[in-house]
*Asks:* 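Got a structure for you, questions after.
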Amino acid sequence: MLADPDGFPPSDDPFEFPPRGDPLEFPPRSSRGPSTLLADLTKPQLDAVTTTEGPVLVLAGAGSGKTRVITRRAAHLAATVTQPWHVLAITFTNKAAEEMAQRIDGLGVGAGMTVCTYHSLCVRILRRHHAAAGLDPRFTIMDQSDRRKLVKEAMDRCELSTANFSPASIDAAISLAKNMMQNAEAFAEQADRFDNKAAARVYAAYEQLLAEQNALDFDDLLMRTAILLDGNAEVRAQLSDRYRYVLIDEYQDTNVAQYRIARLLTESHRNLFVTGDPDQSIYGWRGADIGNILSFEKDYPDAKVVRLEQNYRSTKRILSAADALVSANVLRKEKSLWTENDAGDPVRVVACEDNRDEAETVAREIAERIAAGRSPSDFAVFYRINALSRSFEEAMMNAGVPYRIARGLAFYDRKEIKDVLAYLRVMVNPRDMVSLERIINTPTRGIGDTTIEKLKAHAAHNGRTLFDAVRDRGGVRLPKRSAEAVDAFAELMEGLSRHADSRPRTALETTLSLSGLNASLLQQADGTNEPLENVNELLNAAAEYQRDHPEATLLDWLSHTSLLGDSDVVDGPAGAVMLMTLHAAKGLEFPSVYIVGVEKGLLPFERMGEHPVDVEEERRLFFVGITRTMRELTLTLTRRRMRQGAFLPAMRSPFLDELPGDELEWTDRGSGGARRPYAPVGETPDDFDCWGVGSLVRHPDFGVGQIVGLRRGARQSTVEVEFPDRGVRSYVVEFSDLERVDFDEVD
DNA sequence: CTACCGGATTTTTTT
DNA sequence: AATCCGGTAG
């Protein structure tokens, strides 16, 4: 059986050792001998694979065959050094875990090995050792949007107005604290400024809310596991005996909690193998500490260090562009990537009129190449933010290009999906108040806000849960209609809870029909009933899951769905053009890559008035995108871009100026014939050739005018335009219908 | 209690 | 642009 990236094969309880029966009965050893596993490796790769004992650090440049090293090493360990179930490989994304498991399985030795993400490992550990961790094993895992709701509620409880503090920023502060293993108390102690102190109060209230409903958020999974391992020698010993060889990919992305887990897990045997590339550290905003990989050699002075610097993926020119870019980083460990591949074509830079033009240009070009015989799956489009995907989806569809998108509308974020899952979550964990509130009147059954508030107040007053109040509403004064509605709902949940131990698919089907969700979905039979299709897709997912995991419980499946990341759910056919964020692109490679929206404020991403993002990290992100490319790299940018409903003038990214000029080939797409090349742009608006003083614009009513004044505000820019017969008028650039006009377009 | 309308508000990145 | 929130009419 394949090493399971998400749940242990249920027939193979991970913590019972040996997993099943006599080890001799365990699936046959590798059909390929050790010699095959080690064949065709370069000297450094071979070192990394065969240094099986003690700490090993592999500094692996982009495209240097890192995945190959890890998979071979895992296979080698399982085949000749130890038993497969003693090998644990940890990745950051489900996608990476799945791919790694598959590749190891392809080598014929996957059986019994654990290949999973940090988060799913933690869920298993916490469920299994719930008593030691002080948890109820049926805990709910809160996703991003549930979590945001709870933060808001916590702010309410603290009587903190959302006018002065945004839930998003407080949420981020709490998350960062947790990733640094700082609990509410510790956070409060070091809070110096008034906003930190406010956040500290919310943190405490938020923790209270989580505890009340027996829920953990993503960060808790890591933090609690680290605390458990730290404080409980017995659990630690048990786990390190089970996992005698630990491999961690993308080590540059580990945060404090993850670092602690890795360290504690391997403390006794020190068989810790990590790979990573400091130049590809792009998760600092989530608490990842690049220092973890930089100081590995200090942590483990006896560590074997292997450098993989030969790139097998890209052309010389792409590599040189990537290298020039990342060399601009000051905080960097010098590294030289080289390749024996061809020089290849120059990197193309295409300046477009607006985002629509940009998307159509890319789609048209890809369509042409597919028509000329290229495979759609050769192509990928990367963007900094998901919001940019829309234009490209549209353009691809119009051009008849098959595409897949990582996180179109995140599947598990859709209302109908969240609704059904909320029922299941309440069935498993009745204390889950977020889910309960979600379903109590979905579909509408006559339980309004007033009634819910009364029930909540009653629950709070008696120190009971909301579910208790629903079940036994004695003492809550309600109008007859409402009372009946609540009773009916209580009865419904009573009936459903009997199915909490059903298999996932059965539970799902029962819930859909008994809850009335199915009926209400069927009712909206207008044309293509997308919600219904989505729910059917969910049924398929459940069926597939229980086929792959015959003994999985409803709880297991719910954990699985909570941990599925946005970029793991891919929409669209196989063999299609891939659309994804730069972050999601890490670890992949494509013959032809388009990185779009290479603009100031977008590629080094900035937000007005917020503390600036880490420019070096943004540069690394661009570096990651560039190094995904095997042969053809195209960068695109626009003159103006529609953002949040309004056109904004766009400027080129300063990163473009850091690329070696002689490796680039510029194209400027102008709608009106002759066009100056996209001008370099600096800080001030006057440098911007489209919206500078003196340039021409066209107004739908007043015709062509000349810009005579320009004011750049924090939130909006205003221009003063002089029209031949209307005098001077002011416009807010973002909201006006002004169009840029070239000098050569008018007489 | 529900449905609807209009105003306000959107943190980028992911587990 | 798209979603969410609050207020109001039915």
Side-chain angles (χ1 to χ4, degrees), chain A residues 6 90-97 116-123 141-145 147-149 152 162-163 166-173 175 178-179 216-222 250 253-255 257-258 281-288 355 382-391 394 406-407 409-410 412-413 415 441 443-452 478-479 481-482 485 559 561-569 580-586 597 601-611 613-614 617-618 620-622 624-625 642-647 715:
Chain A
D6 196 88
I90 305 177
T91 64
F92 276 78
T93 65
N94 297 295
K95 198 163 48 178
C116 65
T117 66
Y118 257 113
H119 292 265
S120 54
L121 175 72
C122 290
V123 171
I141 302 167
M142 289 287 164
D143 71 17
Q144 197 68 65
S145 60
R147 173 187 173 129
R148 185 61 55 85
K149 270 186 209 146
K152 274 186 191 153
T162 55
S166 87
S169 66
I170 292 196
D171 190 355
S175 176
K178 285 192 175 184
N179 283 322
L216 298 182
D217 64 24
F218 286 137
D219 305 319
D220 286 331
L221 298 176
L222 302 175
E250 310 282 14
D253 289 329
T254 47
N255 61 33
Q258 289 161 329
S281 161
I282 55 176
Y283 285 105
W285 49 274
R286 175 173 115 176
N355 46 314
F382 304 151
Y383 32 80
R384 177 66 236 267
I385 59 177
N386 278 304
L388 293 199
S389 70
R390 195 172 299 273
S391 342
E394 220 178 283
R407 187 201 208 186
L409 270 169
Y412 287 93
D413 255 0
K415 181 182 181 306
N441 200 31
T444 54
R445 50 171 69 89
I447 304 177
D449 294 344
T450 328
T451 307
I452 296 173
L478 290 173
R481 274 176 82 94
S482 306
S559 303
T561 58
S562 324
L563 290 176
L564 271 186
D566 296 326
S567 59
D568 297 315
V569 183
M580 64 181 87
T581 63
L582 284 163
H583 282 87
K586 187 155 79 163
L602 202 52
L603 192 35
F605 188 87
E606 329 171 25
R607 250 184 100 74
M608 305 265 190
E610 274 302 322
H611 46 105
V613 290
D614 180 348
E617 181 158 308
E618 296 289 306
R620 292 194 291 268
L621 188 57
F622 193 18
V624 166
M642 175 90 86
R643 280 183 80 182
Q644 287 177 189
F647 271 112
R715 293 186 57 87

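Computation of the quantities below employed the complete heavy-atom set of this structure, encompassing side-chain atoms and omitting hydrogens, waters and symmetry-equivalent molecules. The chains referred to below are lettered A, B, ... by the order of the sequence lines, with proteins before strands, and numbering in each begins at 1.
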*Asks:* Under the 3.5 angstrom rule, does the side chain of A:R384 hit a backbone N or O of A:L602 as a donor-acceptor pair?
*Replies:* no
*Asks:* Can you measure A:N255 atom CG to B:dT15 atom P for me and round it to whole angstrom units?
*Replies:* 14 Å
*Asks:* Whole angstrom is fine here: how far is it from CG in A:D449 over to P in B:dT2?
*Replies:* 9 Å
*Asks:* Please determine, for the side chain of A:R390, which listed nucleotide (C:dA2, B:dT13, B:dT15) has the closest atom?
*Replies:* C:dA2
*Asks:* Quick check on C:dC5: is either OP1 or OP2 less than 4.0 Å from any side-chain nitrogen or oxygen of A:K152?
*Replies:* yes
*Asks:* How long is the span from the NE2 atom in A:H119 to the OG1 atom in A:T93, to the nearest 0.5 Å?
*Replies:* 10.5 Å
*Asks:* Where the side chain of A:N386 is defined as all heavy atoms beyond and including C-beta, which of B:dT14, B:dC1, B:dT15 is the nearest nucleotide?
*Replies:* B:dT14
*Asks:* Please check: side-chain N/O of A:D171 versus main-chain N/O of A:R147, any donor-acceptor pairing under 3.5 Å?
*Replies:* no
*Asks:* Taking only the side-chain nitrogens and oxygens of A:T444, find out if one of them lies under 4.0 Å from OP1 or OP2 of B:dC1.
*Replies:* no
*Asks:* Assuming nearest nucleotide by heavy-atom distance, tell me which of A:R286 and A:R148 is located more 5' along DNA chain B.
*Replies:* A:R148
*Asks:* Counting side-chain heavy atoms from C-beta on, which of B:dT14, B:dT12, B:dT15 comes nearest to A:T117?
*Replies:* B:dT15
*Asks:* Any side-chain N or O of A:R643 less than 4.0 Å from the OP1 or OP2 oxygen of B:dT10?
*Replies:* no
*Asks:* Looking at B:dC1, I'd like to know if its phosphate oxygens (OP1 or OP2) sit under 4.0 Å from a side-chain N or O belonging to A:N441.
*Replies:* no
*Asks:* Between B:dT12 and C:dC5, how many Å separate the two C1' atoms, rounded to a whole number?
*Replies:* 24 Å
*Asks:* B:dT15 C1' sits how many Å from A:Y118 OH, rounded?
*Replies:* 13 Å
*Asks:* Ignoring hydrogens and angles, tell me if any N or O in the side chain of A:E394 forms a donor-acceptor pair with the backbone of A:S391 under 3.5 Å.
*Replies:* no
*Asks:* Between A:W285 and A:G446, name the one whose nearest nucleotide on DNA chain B is closer to the 5' end.
*Replies:* A:G446
*Asks:* Indicate yes or no for a side-chain donor-acceptor contact from A:K178 to the backbone of A:A257 under 3.5 Å, with no hydrogens or angles considered.
*Replies:* no
*Asks:* Taking A:Q258's backbone N and O only, do any of them form a donor-acceptor pair with A:Y118's side chain (distance below 3.5 Å, no angle check)?
*Replies:* yes
*Asks:* Does A:T450 make a side-chain N or O approach to OP1 or OP2 of B:dC1 shorter than 4.0 Å?
*Replies:* yes
*Asks:* In whole angstrom, what separates A:L564's CG from B:dT14's C1'?
*Replies:* 13 Å
*Asks:* Tell me: CE of A:M580 to C1' of B:dT12, nearest whole Å?
*Replies:* 17 Å
*Asks:* Check whether any side-chain N or O of A:N179 sits under 4.0 Å from OP1 or OP2 of B:dT15, and answer yes or no.
*Replies:* no
*Asks:* Provide, to the nearest angstrom, the distance between the CG atom belonging to A:N94 and the P atom belonging to B:dT15.
*Replies:* 7 Å
*Asks:* By a 5.5 angstrom centroid cut-off and a 30 degree plane limit, is there stacking between A:F92 and B:dT15?
*Replies:* no
*Asks:* Atom CD1 of A:I385 to atom C1' of C:dA2: distance rounded to whole Å?
*Replies:* 14 Å
*Asks:* Indicate whether OP1 or OP2 belonging to B:dT14 is found under 4.0 Å from a side-chain N or O atom of A:T93.
*Replies:* no
*Asks:* Tell me: CE of A:M642 to C1' of B:dT10, nearest whole Å?
*Replies:* 16 Å
